[in-house]
> 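First the structure, then my questions, so here it is.
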Amino acid sequence: MDRILTVEQMTFCEHEAEKYGVSLAQLMDNAAAQLAEVIASNSSASSKIVLLIGKGNNGGDGLVAANLLAEQGLKPAVVLCCGEPDTDLSSAAYARLDKSVEVLKAENALDFIEDADVLVDCIFGTGFHGSLRENILPVFRACKKCEGMKIACNLPSGVNARNGQADKLSFKADVTVTFHRGKLGLYLQPAVDFCGEILVKDIGIDERCENTLYPVITPFDVVKARASLPFRPADGHKGTFGKVVSVAGSESYIGAAGLSAMAAMRTGVGLFELCTAKSVVNSLSAGMYECTYSAMKTDKDGFMVAENAETILKKCEKASSLLIGCGLGHTAETEKLVAELIEKAEIPIVLDADGINSLCPNIDVLLKKKSTVILTPHPAELARLCGVTVGEVMSDRLGFAYRLSEKYGVTVLAKSADTFAVDGGKVYLCTEGTTALAKGGSGDMLAGIVSSYVAQGFDALDAAALGSFTLGSTALLAGYKRSERGIIARDVIDALPRFLYDLENAD
Ligand SMILES: NC(=O)C1=CN([C@@H]2O[C@H](COP(=O)(O)OP(=O)(O)OC[C@H]3O[C@@H](n4cnc5c(N)ncnc54)[C@H](OP(=O)(O)O)[C@@H]3O)[C@@H](O)[C@H]2O)[C@@H](O)CC1
Ligand SMILES: [K+]
């Protein structure tokens with residue numbers, strides 16, 4: 001799988017295909033043929049094959065597939081789950097249904113569904129929205145009881161292909177036969193748990209149909225990760241591998257400054273300087289010897305003040321990335337500090353956590369930036385950056401990240417269980433991860449790693465995507481034969497050299 005499409009991109013492609021001589025009806029026939037092939041390969045002459053049919057074109061795919069199965073001498077039956085098909089294509093397919101195919105209504109077929117040897121879900125496809133309605137729940141409960149092979153057409157019903165949200169009673173497929181390209185939602189949590197094995201099948205859509213769209217989504221995998229690792233010259237010295245200046249930490253948030261520094265230093269950067277409150281210097285320097293420290297001026301609560309900007313900018317002259325935000329705190333002074341650093345710094349900036357929160361009231365300062373900016377928001381921070389609710393962000397995380405990136409010319413690493421790295425030209429999806437990262441400190445590590453990669457000269461998008469891949473994969477490695485419950489940030493940091501070794505030596 002080398003490309004993923006959003007539902008909007010897929011719909012665009014389907015209509016664009018007509019320009020290349022493939023009609024929507026032909027696409028449905030092609031989709032049905034691919035579906036029928038997978039069903040047939042999982043059936044024998046005696047198999048009880050049951051296709052669950054919705055009203056839309058997903059149901060149409062199932063009806064055409066039923067005909068193809070009947071032609072091969074198999075014995076499919078169809079269950080109308082939402083009444084009679086009602087789109088042009090699906091009602092035409094229903095009118096053409098082979099007479100040998102048994103047709104049942106859902107209310108009379110619950111036991112029949114439970115007994116299927118091969119159960120095929122063609123109830124909802126990309127047209128699904130909202131959640132499963134009350135009247136159809138008995139069908140989904142019967143599906144749950146069925147012990148036969150379960151195949152989903154295009155996507156499991158109950159799953160939202162746009163954003164990965166999924167009803168708890170969604171069809172739990174062993175195999176999902178999806179058409180042309182993987183649909184974004186299928187690779188996101190929690191939908192991914194309902195898809196089983198995802199088979200992407202060609203239905204005759206020319207690749208050129210994708211060219212006029214905004215960037216297609218590329219999964220960031222080990223091959224890409226390996227390719228984006230920079231060469232380390234054998235005669236390199238600490239100056240060769242870049243320097244991060246980090247503006248992080250406060251009397252209230254000490255650990256965040258330390259974790260981001262350790263993660264950066266464990267991912268290849270030559271030098272790391274921590275600009276922070278005196279109290280943070282005192283406590284971290286007792287155990288973290290590898291970086292340098294600069295004590296900054298603070299307010300009475302121990303948060304850094306804007307007056308430090310000049311000193312920090314001076315330090316930036318000898319550095320190659322500026323990390324702002326881990327444990328910074330959010331005050332009127334940090335807002336001023338962040339705005340001034342963004343406006344004046346001439347090295348790439350990675351903005352995380354309270355760096356982002358401090359930016360939000362003055363977000364238009366991004367338009368005055370002198371250098372590359374990478375934002376690393378979690379969903380609540382992304383919502384704040386976009387001025388919308390978290391619920392709105394969750395319904396279209398990629399869309400919000402993309403528009404933010406376009407509007408301000410920044411790279412956005414929209415982090416969550418699945419993470420998007422987005423800039424105006426490309427979108428990467430990073431799905432590595434484990435619940436070991438669902439803990440305090442993970443965001444700090446990610447920001448530190450990204451700042452380290454940027455300091456070493458990576459392009460911003462590669463640094464962001466590889467940063468996410470590095471953190472997710474390392475957490476998996478740290479959790480090998482250990483419970484995700486018990487892994488903490490420092491375990492992940494300790495495992496970073498091992499992860500990088502494996503990556504450097506991957507085939
Ligand atoms: N376009 C093409 O060229 C091709 C498309 N292809 C296939 O078509 C599929 C897309 O077809 P589609 O657009 O007709 O939508 P589909 O997924 O069948 O569902 C729509 C129906 O579901 C209903 N419904 C929705 N939510 C609901 C809910 N919560 N609870 C209850 N009902 C709900 C909705 O009702 P309504 O919104 O009116 O309430 C409507 O009746 C796509 O996945 C692929 O398989 C292939 O053949 C290749 C060519
Ligand atoms: K389906």
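Only a predicted model underlies this, so the values are computations on that prediction, with no experimental measurement involved. Order of listing sets the numbers, starting from 1, for every ligand and every atom in it.
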> On the ring face of Phe400, is Arg403 found with NZ or CZ under 6.0 Å from the centre and within 45° of the axis?
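Yes, a cation-pi geometry.
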> Go through it in stages, so that I can follow the logic: the residues are Val222 and Phe469, the test is side chain to side chain contact (heavy atoms under 4.5 Å, CB included), and I'd like the CA-CA distance, side-chain angles, deciding distance and then a yes or no.
CA-CA 8 Å; Val222 69; Phe469 185 85; 3.9 Å; yes
> Distance alone, cut at 3.5 Å: any donor-acceptor contact between the side chains of Ser41 and Glu37?
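Per modelled atom types, Ser41 and Glu37 side chains form no pair under 3.5 Å.
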> What protein heavy atom lies closest to atom 11 (O) of ligand 1? Include the residue and the distance to one decimal.
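Result: Asn57 CB, 3.3 Å.
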> Let me see the working for Asn154 and Lys183 under side-chain hydrogen bond (donor to acceptor under 3.5 Å, both in side chains), right down to the final yes or no.
CA-CA 9 Å; Asn154 209 16; Lys183 315 300 172 307; 3.2 Å; yes
> Students should be able to answer this: which protein heavy-atom is nearest to atom 36 (P) of ligand 1, and at what distance?
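Checking every protein heavy atom, the shortest distance to atom 36 (P) of ligand 1 gives His129 NE2, 3.9 Å.
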> Under 3.5 Å, is there a donor on one side chain and an acceptor on the other for Thr435 and Glu484?
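Note: Thr435 and Glu484 side chains meet the donor-acceptor criterion.
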> For ligand 1, note which part of Ser90 has a heavy atom under 4.0 Å away: side chain, backbone, both or neither.
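Answer for Ser90: neither.
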> Minimum heavy-atom separation for Gly472 to Leu437, with atom names?
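Closest approach of Gly472 to Leu437: CA-CD1, 3.9 Å.
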> Using a distance threshold of 4.0 Å (strictly less than), state whether atom 34 (C) of ligand 1 has a protein heavy-atom neighbour.
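It does not; no protein heavy atom is within 4.0 Å.
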> Check whether more than 12 heavy atoms from other residues, nucleotides or ligands sit under 6.0 Å from atom NZ of Lys48, and answer yes or no.
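Enclosed.
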> Among all protein non-hydrogen atoms, which one is nearest to atom 45 (O) of ligand 1, and what is the separation to 0.1 Å?
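Nearest neighbour among protein heavy atoms for atom 45 (O) of ligand 1, to 0.1 Å: Asp61 OD2, 2.6 Å.
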> Specify the closest pair of heavy atoms between Ala460 and Thr411, including all atoms of both residues, with the distance to one decimal.
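So the minimum-distance heavy-atom pair works out to CB-OG1, 3.6 Å.
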> Answer yes or no as to whether an N/O/S atom of Ala152 is found below 3.4 Å from the K ion (ligand 2).
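False for Ala152.
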> Heavy atoms only, cut-off 4.0 Å: how does Glu14 contact ligand 1, side chain, backbone, both, or neither?
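Side chain only.
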> Hey, mind stepping through Asn357 and Arg384 against side-chain hydrogen bond (donor to acceptor under 3.5 Å, both in side chains) and telling me if it holds?
CA-CA 8 Å; Asn357 294 330; Arg384 261 171 243 141; 2.6 Å; yes
> Please list, in number order, the atoms of ligand 1 under 4.0 Å from a heavy atom of Leu27.
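Selected atoms, number and element: 49 (C).
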> If we only count N/O pairs under 3.5 Å, is Gly59 in contact with ligand 1?
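There is no such contact.
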> Does a donor on one side chain and an acceptor on the other come within less than 3.5 Å for Asp354 and Tyr253?
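No.
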> Under 4.0 Å, counting heavy atoms only: does Gly54 come that close to any atom of ligand 1?
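Not so, Gly54 does not reach ligand 1.
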> What does the angle at the K ion (ligand 2) come to, between atom O of Phe124 and atom O of Cys153, rounded to 10°?
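That angle is 110°.
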> For the K ion (ligand 2), find the closest N/O/S atom belonging to Asp121 and write down its atom name.
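Atom name of the closest N, O or S in Asp121: O.
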> Just distances here: any N/O of Lys55 and N/O of ligand 1 closer than 3.5 Å?
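Among all N and O atoms of Lys55, none is under 3.5 Å from an N or O of ligand 1.
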> Ligand 1 versus Thr126, non-hydrogen atoms closer than 4.0 Å: side chain, backbone, both, neither?
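The answer is both, backbone and side chain.
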> Between Gly127 and ligand 1, does any nitrogen or oxygen pair lie at a separation below 3.5 Å?
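N/O-N/O distance below 3.5 Å exists for this pair.
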> Starting from atom 3 (O) of ligand 1, find the nearest protein heavy-atom neighbour and note its residue, name and distance.
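The closest one turns out to be Leu24 CD2, 2.8 Å.
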> Within 45 degrees of the ring normal and closer than 6.0 Å to the centroid, is that where the cationic atom of Lys415 sits relative to Phe420?
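Not satisfied by the 6.0 Å and 45° rule.
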> Taking 3.4 Å as the cut-off, does an N/O/S atom of Asn58 lie below it from the K ion (ligand 2)?
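Yes.
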> Mind checking whether Asn154 contacts ligand 1 via backbone (N, CA, C, O), side chain (CB onward), both or neither, at a 4.0 Å heavy-atom cut-off?
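Just the side chain.
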> Within the structure, does Thr87 bring an N/O atom to less than 3.5 angstrom of an N/O atom in ligand 1?
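No, there is no polar N/O contact under 3.5 Å.
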> Pair Val139, Ile123 - check side chain to side chain contact (heavy atoms under 4.5 Å, CB included), show working.
CA-CA 10 Å; Val139 170; Ile123 306 178; 4.1 Å; yes
> Counting only heavy atoms on the protein side, is anything nearer than 4.0 Å to atom 40 (C) of ligand 1?
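Under the 4.0 Å cut-off, atom 40 (C) of ligand 1 has no protein heavy-atom neighbours at all.
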> Do any of the N, O or S atoms of Ile123 sit under 3.4 Å from the K ion (ligand 2)?
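No - counting backbone and side chain alike, Ile123 has no N, O or S atom under 3.4 Å.
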> Between Thr11 and Glu8, is there a side-chain donor-acceptor contact under 3.5 Å, judged purely by atom types and distance?
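No, Thr11 and Glu8 have no side-chain donor paired with an acceptor closer than 3.5 Å.
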